[in-house]
Amino acid sequence: MVAARNVYLLIFFLLVFPSVFYPLRKRRQYTDKKKRTSFLALIGALILFWAVACALLYTYTINRQVLIVAERGAIALYDDGRSGNEPGQSLLEEGIADNALSIEGTPDGGWASFKGAKVLIPEKMLTLNEEKWYPVVLQNQDGQRLLLAMDIVEGVPKSIIRRVRIFWPDEIGDRLDRITFFTADTL
């Protein structure tokens, strides 16, 4: 999610700089104060347009892209576990799960040991009992891994987390041997 925000900020600045600085060079040709004011108002409207467009595209991306929804879900589940809330409550509040959300596995565990853990996102899906799941791994500084396998339904206007399976470090086994992960965030 941090990477998506940085990308859209970069896009915004790449759109705004030429849209603002080129016309500002030409502002001296407007000697009338009324024309100069309307010209500056036009530049302000253009900046506002680009800001709204980038904000809408960013919102669309974080709600629609499955791996970003999985990352948001893992962070929300971690927050629920650390604060002692009912597992999945934050998912419902963020709107990335519906009321039919089911969480399998033991949600009570050593969430505190994963403080400052890396959030690892997969390059491919995980197959469990002939079903496809998106595995998100929380890896703490000691190298222990917590696997959050998520069944995510891609939809319009949002992707929704339907089911979550929690595998604690002693339950993972060889499920992650053939999957390559990349770091998405840090808790």
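- Remark: Trp50 engages Ser19 in a side chain to side chain donor-acceptor pair (under 3.5 Å) (not counting sequence neighbours).
- Under a 3.5 Å cut-off, the side chain of Ser159 and the backbone N or O of Arg64 do form a donor-acceptor pair.
- Among residues at least two apart or in separate chains, salt bridge (Lys or Arg N to Asp or Glu O under 4.0 Å) pairs with a member in residues 67-95 are Arg72-Glu94.
- Val52 belongs to a hydrophobic cluster with Leu48, Leu56, counting contacts under 4.5 Å between side-chain heavy atoms of Ile, Leu, Val, Met, Phe, Trp and Tyr, direct or through other members.
- Of the options Ile103, Asp98, Val66, Leu101, a side chain to side chain contact (heavy atoms under 4.5 Å, CB included) to Ile161 is made by Leu101 and by none of the others.
- Grouping Ile, Leu, Val, Met, Phe, Trp and Tyr by side-chain contacts under 4.5 Å, direct or through others, leaves Val153 on its own.
- Remark: Gln144 pairs with Asn140 by the side chain to side chain donor-acceptor pair (under 3.5 Å) rule, at least two apart or across chains.
- Partners of Thr183 according to the side-chain contact (heavy atoms from CB on, under 4.5 Å) rule, which considers only residues two or more places apart in sequence or in another chain, are Lys118, Leu120.
- Put simply, the side chain of Ile121 does not reach to within 4.5 Å of the side chain of Tyr134, judged on heavy atoms.
- When the side-chain contact (heavy atoms from CB on, under 4.5 Å) test is applied to Pro122, the partners found at least two apart in sequence or on another chain are Leu67, Pro135, Ile179, Phe181.
- Under the rule for a side chain to side chain donor-acceptor pair (under 3.5 Å), the partners of Ser83 that lie at least two apart in sequence or sit in another chain are Asn85.
- With contacts defined as side-chain heavy-atom distances shorter than 4.5 Å, the pair Ile166/Leu147 does not qualify.
- Pairs passing the salt bridge (Lys or Arg N to Asp or Glu O under 4.0 Å) check and including a residue from residues 146-159, sequence neighbours excluded, read Asp151-Arg162, Asp151-Arg163.
- Applying the ring pair (Phe, Tyr, Trp, His ring centres under 6.0 Å) criterion to Phe182, with sequence neighbours excluded, gives no partner residue.
- With rounding to the nearest 0.5 Å, the separation of CZ in Arg165 from CH2 in Trp133 is 5.5 Å.
- Between Asn63 and Val69, the closest side-chain pair of non-hydrogen atoms is not below 4.5 Å.
- When side chains are defined from C-beta on, Lys115 does not count as touching Ser113, because their heavy atoms never get closer than 4.5 Å.
- Under the side chain to side chain donor-acceptor pair (under 3.5 Å) criterion, the residue pairs touching residues 2-13 are Tyr8-Thr61, with sequence neighbours excluded.
- Ile47 has its side chain within reach of Val20: a pair of non-hydrogen atoms, C-beta onward, lies under 4.5 Å apart.
- Across all non-hydrogen atoms, the minimal contact from Leu92 to Ala97 is CD2-O, 3.6 Å.
- Using a 4.5 Å cut-off between side-chain heavy atoms of Ile, Leu, Val, Met, Phe, Trp and Tyr, with links allowed through other members, Phe13 and Phe49 fall into the same hydrophobic cluster.
- Hydrophobic cluster membership for Leu10: Leu14 (Ile, Leu, Val, Met, Phe, Trp, Tyr linked by side-chain heavy atoms under 4.5 Å, directly or transitively).
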